[in-house]
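Below, chains carry the letters A, B, ... as their sequence lines are ordered, and counting in each starts from 1. For the numbers below, each heavy atom of this structure counts, side chains included, while hydrogens, waters and symmetry mates do not.
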Amino acid sequence: MGAGSRGFRSRVRGLQRGLLPIGSGAGLPDRGGTGMIDPRRLRLEIRSVAEGLRLRGIELDVGRFEALEARRKRLQDEVERLRRRRRVASKQIGEAKAAGNDIAPLVGAVGDLGDDLADATREFDAVRHELDEFVKALPNPPDDSVPPGADETANIELRRWQEPADFNFEPRDHVSLASTSLDLEAAVKISGSRFSVLRGSLARLHRGLTQFMIDTHVREHGYEEVYVPYLVDRHTLLGTGQLPKFEDDLFAIDGERDQFLIPTAEVPVTNLVRDSILDFADLPLRYVAHTPCFRSEAGNYGKDTHGIFRQHQFEKVELVQIVHPRKSWDALDELTGHAETILRKLELPYRVVALCAGDLGFAAAKTIDLEVWLPAERRYREISSCSNFVDFQARRMLARYRNPETGRPDYVHTLNGSGLAVGRTLIAVLENYQDGNGAVHVPDALRSYMGGSTRLDL
RNA sequence: GGAGAGGUGGCCGAGCGGCUGAAGGCGCUCCCCUGCUAAGGGAGUAUGGGUUGAUAGCCCAUCGAGGGUUCGAAUCCCUCCCUCUCCGCCA
């Protein structure tokens, strides 16, 4: 039995064990594992898929896909035909043997079947691998409601909440305000650039913000708090779409373990439902997790180098929802609202922005960003990103639910959003709550998390 | 880290290399019977892929994963992963 003549399911399982096709020589993943755009949709409506991808600035090579698909079809047919022949022949041999007949002629009749099958299988696997790579590299086509555009300049502001405070003094930035409580020198000494050390009440504020966010989402929004690993394997990252295309953005563990530091809690949390068939009645699932996030920020050299806006390590409270496919658009609005609640409770001015097609992340069908006002920069900056991935991640993960109407498994839809990025919230609090004398007040909502203090002791 | 045991369908649990996609039990669904919270009888009940107008059929694959032996592997061989028990270490 040649490589690849094992079934689809075994490949999917292999994948789930972290044995990846990419560079590992292991079996090819199939549908579930490769994940992506629905292969059937790709075959049947490739034009519309191509159109969607064009909005993201990606030109789908329709001719190449169709050629590959034609070969795949022919070879799969051949392989299955040969396998069937082999099965039938083997069965006959078994029966003959049981009846006490001479099996030599039957065995001889099998002839080159084995070799033919091995050859066909080899070819089939090669084509599937090629097809797999091709499809896997395709991002999620944007939803129809996503504004067109190539980059962030085409994003659409949907609404604003509160006008920025009109300071009658020159607002200072968070680095200046934090003073010695933000010890960037120590961080550089310990770890290098893009890390930070927080001290005293600033560290406490950081922790308090985190607690406040989690508590709000658990108590008021009905999320289940989960604690998850910060190191994950390749398969997990493939499920949510960080791999195989964006390995450079991740910190990998160097050594025997083929693991990576999570770039966001989305990765471990969404993968909770990987390879499962959920009960219809259990949907929607809502998880909130607080984790550190690790990003290499490759390609962002020189960008946001001041302060702690863009770090290799930062904390985030993440919201994840697993929902019925017909509910995901409502869920996106809800989830965005849950993130907004934090900003409102903290009374931080923000605006809501719909990302244009060109600005979407790989797996997202639609993304709504929340941007908080930073007085020192005199502009709104991203503090939360809420996305509906529809069935894109679910396909990669084989995350399904039992459809009560058909009795069959269907893919769920997945969503996530920051609720919020803690470090950036810290910046926003510092800058928006400064009083002009270098002091920073504690937002009312955070008082109880700060031991009743009304001012930060910086 | 050392020693041992084990990984089979939603769960439990059989399985001399061939008729086992997989006995049996439990659970679940539907039907029948039953005059009353129970019992009994019958049928059905995995997933992925392909084909197709089709969630109708039909075909292929899957018994932790990968590879090997063989006409044929859940069953034999090799490698890896995981779980459990005991010892050691440890927050």
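Within the 6.0 Å centre-distance limit, the rings of A:F362 and A:F246 are counted as a close aromatic pair. Ring centroids of A:F389 and A:H413 are separated by 6.0 Å or more, keeping the two rings apart.
A:I277 comes within contact range of the sugar-phosphate backbone alone, with a heavy-atom separation under 4.0 Å but no base atom that close. Nucleic acid contact class of A:R85 (heavy atoms, under 4.0 Å, all strands): none. Nucleic acid contact for A:R81: none, since no nucleic acid atom lies under 4.0 Å from a heavy atom of the residue. As judged by a 4.0 angstrom heavy-atom cut-off over every strand, A:K73 is placed among residues touching the sugar-phosphate backbone only.
We find that CG of A:D410 is positioned 14 Å from C1' of B:U47, with the value rounded to whole Å. We find that CD of A:E405 is positioned 17 Å from C1' of B:A54, with the value rounded to whole Å. Here B:C28 presents its P atom at 16 Å from CZ of A:R402, a figure rounded to the nearest Å. Per the geometry, CD belonging to A:E80 stands 14 Å off C1' belonging to B:U52, to the nearest Å. To the nearest angstrom, P of B:A22 lies 10 Å from CZ of A:R87. Remark: C1' of B:G48 and CZ of A:R400 are 8 Å apart, rounded to the nearest angstrom. Between A:Y401 atom OH and B:U55 atom C1' the separation is 12 Å, expressed in whole Å. A:R234 places its CZ atom 17 Å from the C1' atom of B:C81, with the value rounded to the nearest Å.
The pairing partner recorded for B:G9 is none, the criterion being a Watson-Crick or G-U wobble arrangement whose two distances lie under 3.5 angstrom. Pairing of B:G1, defined by two Watson-Crick or G-U wobble distances under 3.5 Å, is identified with B:C87.
Put simply, A:R43 has a side-chain N or O that comes within less than 4.0 Å of OP1 or OP2 on B:G50. In this structure, A:R408 does not reach the B:A46 phosphate: none of its side-chain N or O atoms is under 4.0 Å from OP1 or OP2.
Here the separation of B:C11 from B:G48, taken at their P atoms, is 16 Å to the nearest Å. Straight-line distance between the P atoms of B:U62 and B:U75: roughly 11 Å, to the nearest whole Å. Here, B:A74 and B:G18 have their P atoms 10 Å apart, quoted to the whole Å.
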Practice item. Step by step, work out the ring-ring contact (aromatic ring centres under 6.0 Å, His included) result for A:F260 and A:F251. Key: CA-CA 6 Å; A:F260 299 81; A:F251 283 111; over 10 Å; no
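Between the OG atom in A:S384 and the CZ atom in A:R424 there is a gap of 10.5 Å [rounded to 0.5 Å].
If you check B:C71, B:G48, B:U55 against the side chain of A:P409, the one that comes closest is B:G48. Minimum atom distance to the side chain of A:S90 is reached by B:G18, of the listed B:G18, B:U55, B:C60. Side-chain atoms of A:R86 lie closest to B:G72 of the nucleotides B:G18, B:G72, B:C19.
Between A:D258 and A:R234 there is a salt bridge, since at least one side-chain N of the basic residue sits less than 4.0 Å from a carboxylate O of the acidic one.
You won't find any donor-acceptor pair under 3.5 Å spanning the side chain of A:K91 and the base of B:G18, going by distance alone.
Judged by the 6.0 Å and 45° rule, A:R395 forms no cation-pi pair with A:F392.
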